[in-house]
Amino acid sequence: MIKAIKGTRDILPPESAVWSQVERAAREVLHLYGFSEIRTPIFESTELFARGVGEDTDIVSKEMYTFGDRDSRSLTLRPEGTAPVVRAFIEHQLHRNSQILKLYYMGPMFRRERPQRGRSRQFHQLGVEVLGSDHPAIEAEVIELLQLFLSRLEIRETELLVNSIGCNCCRPQFLKELQTELAMKKAQLCQDCNRRSETNPLRVLDCKVDSCQSVIESLPSILEFLDEACRQHFDQFLSYLQSRDIDFRVVPRLVRGLDYYMRTTFEIVSPGLGAQNTLVGGGRYDGLAEILGGDATKGFGFALGLERIILLCRQDGHPSVSISPQLFLAPLGERAFNKATLMAREFRHQEVYCFLDFIPRTLKSAMRLANKLAAEYLLIIGDDELRSGKYPLKRMRDGAQIVVIEAEVLSRLRSVWED
Ligand code: HAM
């Protein structure tokens, strides 16, 4: 048997209906906040992520699905969406269209991580990127949008963690200090951290190895090194959150696992998710467009793991998904079946979710199936009914039955039971 590749999975009905509902809720909220959809390719040149996300990140150094094309170009299945969006922004000169551009995307991403609950190798993100503003109010607005989305899905047990990781002016001072500290604690750190303390010391704060955690806790806090402009930006961001009554916790070690961030970083975590408890990750990335060869452009965004959202929805039993037919057609015999196929067409064109079975059944067996599917009504179509043009319409909930002519079925469905 050929099976799905480890770390990937099929999304089957009825779970796929939960996905559709979550996606629909997301689009509704995003449109309220003025976001337009962008769809970028699933694979890009490897260089985009190496430069954009950073050579020394886990994503680029360990987790990418990279392969040579037939013309020996190096391609990579996208591990995230921000670098592709900024690439498209530069390539299509989207800055010409408006002052501030609000884009969103939904789709699969690929990282070769060890699969576990809430972590897979093909996973799906809903991402949002705001290009062209460095106002802290837009950051709070994006978080407000996220909260509205989560509340519409009735996901409540979450915590917002925020931090500022400064900018190219103030961060070097912090990194110098960090390097000095790390050099003294070499023996207590893992191999990766020792390498990173030389190449990219900020990444050490992001290390997940247990034995490194006590060292990481003892390291200096970046917040003490913010310059005046970064400090003001962060304070304003926090006050915009406060004025919206959005609760948060400042976590000075929150540097995120991608190199393009500067100033504001944030995550939304949920205890219901277990070990992989980060639902959303995001932040500001004002330098990314330049790194990718474009003009300096301010950027802020986040991505949310859809698998993790679905896990929470399923745990809470939300959102409720109705896949039950409104009308179950029960034809008895071949002539009746042919008539039922045409009726089904008519009802569907009239927006009725109508179920027609393709296996010949007795009335008893049709009733059993209609019950199993939790159909609201059942229409009996037998030879007598075809002759008389009158059909018994049964309400499954309580077995109440009336007789209707074909032209009346729809209006009866909609009105008679309210009497
Ligand atoms: P990220 O933190 O790498 O950020 O990923 C964002 C979210 O994607 C995570 O919080 C998690 O919910 C989900 N996720 C990541 N890896 C996996 C996985 N292996 N399996 C399941 N879910 C996963 C980014 O990707 C940035 N591009 C976010 C961003 C957008 N920053 C600014 N704009």
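Atoms within a ligand are numbered from 1 in the order they appear, just like the ligands themselves.
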Report every pair formed by an N or O atom of ligand 1 and a protein N or O atom separated by less than 3.5 Å, giving atom names and the distance to 0.1 Å.
unit_1	atom_1	unit_2	atom_2	d
ligand 1	2 (O)	Arg256	NH1	3.0
ligand 1	2 (O)	Arg256	NH2	2.8
ligand 1	3 (O)	Arg111	NH1	2.9
ligand 1	3 (O)	Arg111	NH2	2.9
ligand 1	4 (O)	Arg256	NH2	2.9
ligand 1	5 (O)	Gln125	NE2	3.2
ligand 1	8 (O)	Gln125	NE2	3.1
ligand 1	10 (O)	Thr278	O	3.3
ligand 1	12 (O)	Thr278	O	3.0
ligand 1	12 (O)	Leu279	O	3.1
ligand 1	12 (O)	Gly305	N	3.1
ligand 1	16 (N)	Arg111	NH1	3.4
ligand 1	19 (N)	Glu113	OE2	2.7
ligand 1	19 (N)	Ser120	O	2.8
ligand 1	20 (N)	Ser120	N	3.0
ligand 1	25 (O)	Arg111	NH2	3.1
ligand 1	25 (O)	Gln125	NE2	3.0
ligand 1	27 (N)	Glu80	OE1	2.7
ligand 1	27 (N)	Thr82	OG1	2.8
ligand 1	27 (N)	Tyr260	OH	2.9
ligand 1	31 (N)	Tyr261	OH	2.6
ligand 1	33 (N)	Thr82	OG1	3.2
ligand 1	33 (N)	Glu129	OE1	2.8
ligand 1	33 (N)	Glu129	OE2	3.1
ligand 1	33 (N)	Phe302	N	3.3

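Remark: the Glu129 side chain and the Tyr285 side chain contain an N/O donor-acceptor pair separated by less than 3.5 Å. Defined by atom type and a distance below 3.5 Å, a donor-acceptor pair is missing between the side-chain atoms of Ser270 and Glu157. Of the N and O atoms on the side chains of Thr57 and Asp259, not one donor lies less than 3.5 Å from an acceptor on the other residue. Side-chain polar atoms of Lys185 and Ser218 form a donor-acceptor pair below 3.5 angstrom. A side-chain donor from one of Glu80 and Thr82 sits under 3.5 Å from a side-chain acceptor of the other.
Within 6.0 Å of the CZ atom in Arg195, the count of heavy atoms belonging to other residues, nucleotides or ligands exceeds 12.
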